[in-house]
Student: 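Below is one structure. I have some questions about it.
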Amino acid sequence: NPAGIATLDRSGVILGYNNYFVGLQSGVVGGVWKYRRKYTLGASLFYLNYGTFVQTDNTGNRTGEFGGSDLMLSFTLAAPYSESFSVGLTTKLIYEKIQEFSATGVAIDLGVKYRSNRGRFTAGLAVQHLGTQLSSFTSAEKDGLPTLLRAGAGYRLRGLPVQFVRSEEHTSELQSH
């Protein structure tokens, strides 16, 4: 939820790397910055490398190897709307590649977050991946992006380091353009 960074009170940086099984790797570099006291800006670069796959012909004979990867560059602007509500917007440039095929797209995420005056109850709603493909894997029709609706709420008990959380999500059907 892009609104989640609106109430951060300081700048910060994140660096992450995961080396999973069978050559699967992911990483992220990002940061958040306060801007003119009211706004929070965020930027990140995320990548996912699927590793190496064996390529075969129709009869199962090995003909080579290929790989696949995803990249996403995002920029976020978030701000408090009132004492209890925050809003946010993220813009994303997406790149996917598998074998010699690649696709690009652009999308936005919209979010709102509520936080009670005592800070023990929070709730959020986000619509993600509103956008389109700029180029597709093939010369056929461009695929739509899977729009995602997410909602969640959490309650933190007084005096205990425990938070109860409930979240739901719904993905739209892909639409061709």
Side-chain angles (χ1 to χ4, degrees), residues 1-6 8 11-33 35 39-79 86-113 124-152 167-177:
N1 185 334
I5 68 170
L8 295 177
S11 299
V13 174
I14 183 169
L15 299 170
Y17 172 77
N18 292 299
N19 190 6
Y20 303 103
F21 58 91
V22 198
L24 186 68
Q25 303 170 349
S26 70
V28 64
V29 58
V32 292
W33 304 270
Y35 179 69
Y39 302 102
T40 305
L41 302 174
S44 67
L45 178 64
F46 173 82
Y47 88 94
L48 180 62
N49 180 336
Y50 297 109
T52 303
F53 298 92
V54 174
Q55 182 173 335
T56 62
D57 62 18
N58 291 341
T59 60
N61 296 318
R62 184 180 178 138
T63 60
E65 295 180 340
F66 68 94
S69 61
D70 298 341
L71 279 172
M72 182 177 68
L73 177 63
S74 66
F75 298 97
T76 300
L77 173 65
S86 300
V87 294
L89 166 76
T90 297
T91 59
K92 302 185 286 192
L93 178 61
I94 305 160
Y95 173 79
E96 296 181 326
K97 182 175 185 347
I98 188 161
Q99 207 167 12
E100 71 268 9
F101 304 101
S102 64
T104 57
V106 292
I108 63 169
D109 298 346
L110 302 170
V112 62
K113 182 180 175 186
L125 179 67
V127 179
Q128 297 178 294
H129 315 311
L130 294 168
T132 188
Q133 269 191 334
L134 299 175
S135 64
S136 64
F137 287 113
T138 65
S139 59
E141 288 186 12
K142 295 177 184 172
D143 293 324
L145 300 180
T147 301
L148 182 63
L149 176 64
R150 288 186 170 172
S167 63
E168 293 288 329
E169 63 181 50
H170 174 73
T171 304
S172 72
E173 295 295 319
L174 296 176
Q175 302 293 323
S176 294
H177 299 290

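Just so you know, these numbers use all the heavy atoms, side chains as well, and skip hydrogens, waters and symmetry mates. As the structure is a prediction and not an experimental result, all values here were calculated from the model.
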Student: Quick one: CZ on F46 to OG on S26, what's the gap to the nearest 0.5 Å?
Tutor: 5.0 Å
Student: What residues form a side-chain hydrogen bond (donor to acceptor under 3.5 Å, both in side chains) with N49, not counting sequence neighbours?
Tutor: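 Partners of N49 by the side-chain hydrogen bond (donor to acceptor under 3.5 Å, both in side chains) criterion come out as none, since no residue qualifies.
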Student: Which pair of heavy atoms, one from T59 and one from D57, lies closest together, and at what distance?
Tutor: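 Between these two residues, the closest heavy atoms are OG1-OD1, 2.8 Å.
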Student: Would you check if Y17 and Q25 make a side-chain contact, meaning some heavy-atom pair closer than 4.5 Å?
Tutor: yes
Student: What's the shortest heavy-atom distance between L145 and T132, and which atoms?
Tutor: CD1-N, 3.5 Å
Student: Can you tell me how far apart NZ (K92) and NE2 (H129) are? Round to the nearest 0.5 Å.
Tutor: 4.5 Å
Student: Please name the pair of heavy atoms, one in L41 and one in I5, separated by the smallest distance, quoted to 0.1 Å.
Tutor: C-CD1, 4.1 Å
Student: Have a look at D109 and tell me which of T76, L148, T90 forms a side chain to side chain contact (heavy atoms under 4.5 Å, CB included) with it.
Tutor: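 Exactly one candidate clears the test, T90.
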Student: At their closest point, which heavy atom of V32 faces which heavy atom of L8, and how far apart are they?
Tutor: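 Looking at all heavy atoms of both residues, the shortest contact is CG2-CD1, 3.8 Å.
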Student: State which residue, out of L89, V87, L125, fulfils the side chain to side chain contact (heavy atoms under 4.5 Å, CB included) condition with L110.
Tutor: L89
Student: Just do the side chain to side chain contact (heavy atoms under 4.5 Å, CB included) check on L77 and Y35 with the steps written out, would you?
Tutor: CA-CA 9 Å; L77 173 65; Y35 179 69; 5.7 Å; no
Student: Can you tell me if S135 uses its side chain to pair, donor with acceptor, with the backbone of T104 under 3.5 Å?
Tutor: yes
Student: Got a donor-acceptor contact below 3.5 angstrom from the N18 side chain to the G27 backbone?
Tutor: no
Student: Can you name the nearest heavy-atom pair linking F66 to V54, along with the distance?
Tutor: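 Smallest heavy-atom distance, with atoms named: CE2-O, 4.0 Å.
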Student: Would you give the length of the straight line joining atom OG of S172 to atom CD of Q128, rounded to the nearest 0.5 angstrom?
Tutor: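 Here the interatomic distance stands at 11.5 Å.
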Student: Can you confirm whether Y39 is buried at OH, in the sense that more than 12 heavy atoms of other residues, nucleotides or ligands lie under 6.0 Å from that atom?
Tutor: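 Incorrect, the count does not exceed 12.
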Student: When you compare the side chains of S74 and S44, does any donor N or O come within less than 3.5 Å of an acceptor on the partner?
Tutor: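 There is such a pair between these side chains.
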Student: Side-chain polar contacts of residues 94-101 - donor-acceptor pairs under 3.5 angstrom, sequence neighbours left out - could you list them?
Tutor:
from: K97; atom 1: NZ; to: Q99; atom 2: O; distance (Å): 2.5
from: Q99; atom 1: NE2; to: Q55; atom 2: OE1; distance (Å): 2.8

Student: Please tell me if the side chains of T171 and T147 come closer than 4.5 Å, counting only heavy atoms from C-beta onward.
Tutor: no
Student: Does any part of the side chain of I108, heavy atoms only, come nearer than 4.5 Å to the side chain of V127, both counted from C-beta?
Tutor: no
Student: Output the distance between atom CG (L24) and atom OG (S69), rounded to the nearest 0.5 Å.
Tutor: 11.5 Å
Student: Do you know which two heavy atoms are closest between W33 and A43, and how far apart they sit?
Tutor: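 It is CZ3-N, 3.8 Å.
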